[in-house]
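To start, the structure under review is shown below, and the notes come after it.
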Amino acid sequence: MSAHPSPATTLLSALPQTSSGGTPIVRQPCAEICGPLAVLGTDVQVPLASGEKVGYAALDYAASSPALQRVWDDVAAYAPYYGSVHRGAGYLSQLSTDLFEQSRRTVGEFLDLREGDQVVFTRATTDSLNLLAAAVPAGTRVFAFETEHHASLLPWAHAGLDVTYLRAPRSRAEAVAALDAALAEAPEGPKLLCVTGASNVTGELWPVAELTGTAHRHGARVVLDAAQLAPHHRVSVRELDVDWIAFSGHKIYAPFGAGVLAGRADWLDEAEPYLAGGGATRTVAREADGSVAVQWHTGPARHEAGSPNVIGAYAIASACRALTEAGFDALEARERQLVARLTAGLAGIPQVKVLNLFGADSARVGVLSFVVRGWNSSHFSAALSAEYGIGVRDGLFCAHPLVRTLLGDEDVAPSECGAPEPSLPGERSLNAIRVSFGAGTPDEHVDRFLTAVRELVTDGAAWNYRNEGGRCVADSRREG
């Protein structure tokens, strides 16, 4: 007698045929030179300062990417079947539990994990790295470059660990050499390197495999912050040989509040649970002295206390499947074309300075930061939005040490409005502009952005701007 398929298997087999509106969904792999994967929001009309409306050009993927249409459809199709995860006897609970665990396996396949590695669902990259920081054995020394995002720069000292901060390298070779020297001088004991795969400021790709080989040669483990890498490039934990990897759903087209920490089980199983509560416990019993005795789970459940975010986990799994089916070779090739178009266009504008660590020709994902001489970045970004319908980001991008290093002595113009990132005592205010895109970006958005930059640099803003709650807003049209 054959076994019945699990509820989740039955549902998953049905999802590709139906959308939230009941219409067929056609999944087509990306061609060699492909159009963007379908994302929500490309048809959104936004008002300009003039009162006209224009299609919104979302160029802030590095902060949060839009949702893939595929993810939205899959979540909508599952929503009527939503139920409690783990231990429920009802059909929808069993289905949701199966879907949650199938999502864990899908993410593991997407990351090409090793045998014995585990996937823990978290809230985002920041949560993942704080979880790992809480699980690191006492006495571990952590190494991190000052170029890291705050999510991978700050959790270690916050958890009471000793941290060695390495200065910003100016080449990939210099990064590897600096780590080698620092590890060679480190005292005996457990060691951990935290490194980004792609900078959230410059988009530059870091030499992860070389850094990992150097770290392992000195007996150090490695955690990879892949928040900016996973949405753009195929990531194989097995090939890179990192010990852990962290990324966020909202960076990978799955904005439902979930993230991932994946990798080796030993430190995680030996650590106290990240959160205390239901789901993380095997047994809880009152003792004769009135205390409570707890046996905690091992495995992912140990650090997933509370009701799991099954929709968030399933959304990440859906995005992983969509990117895999589209084909990273084709997606990366198209992105390289857009990056080349963007960098060439900005290079032709003398007033623009692109920020780089490793040089202008560095390989990068679709993330790039720059300043415009004579402009404050907050003012310039506001004009891009109000006069062209283009959404970018300005500031220090939660990577203050890196942006301060990159800006150096750059003359940042005072702003007639807006509130740039806070400066250090005695330091002038600093800020930059970041443009970022991904698999869902139409070519027209990049072209419109370059046109807007040229026109603003040449002609200036068409509107006056005022400060409103620390934000630049268009006030009145300039005369002449």
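The chain is numbered in sequence order, starting from 1.
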Just by modelled atom types, is the [Y] backbone N or O under 3.5 Å from a matching donor or acceptor in the [X] side chain?
X    : Y    : answer
T106 : Q102 : yes
W244 : L224 : no
R448 : Y388 : yes

message: Looking only at side-chain N and O atoms, does E101 offer a donor or acceptor that is under 3.5 Å from a partner on H86?
response: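 The answer is yes; a qualifying pair exists.
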- prompt: Do D74 and S318 have side-chain atoms, one donor and one acceptor, less than 3.5 Å apart?
  reply: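 The criterion, which ignores hydrogens and geometry beyond distance, is satisfied for S318 and D74.
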Give a yes or no on whether a salt bridge exists between [X] and [Y], defined as a side-chain N under 4.0 angstrom from a carboxylate O.
X    : Y    : answer
D329 : R334 : no
D117 : R114 : yes
E239 : R234 : yes

- prompt: Centre of W156's six-membered ring, under 6.0 Å away, within 45 degrees of the axis: is that where NZ or CZ of R141 sits?
  reply: no
Over 60° means perpendicular and under 30° means parallel, so classify the ring planes of [Y] and [X], tilted if in between.
X    : Y    : result
Y61  : Y253 : perpendicular
H400 : H150 : perpendicular
Y78  : Y82  : perpendicular

statement: Between S152 and A144, the two heavy atoms sitting closest are O-CB, 4.4 Å
query: Is any side-chain heavy atom of E304 closer than 4.5 Å to a side-chain heavy atom of L275?
result: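 They are not in side-chain contact.
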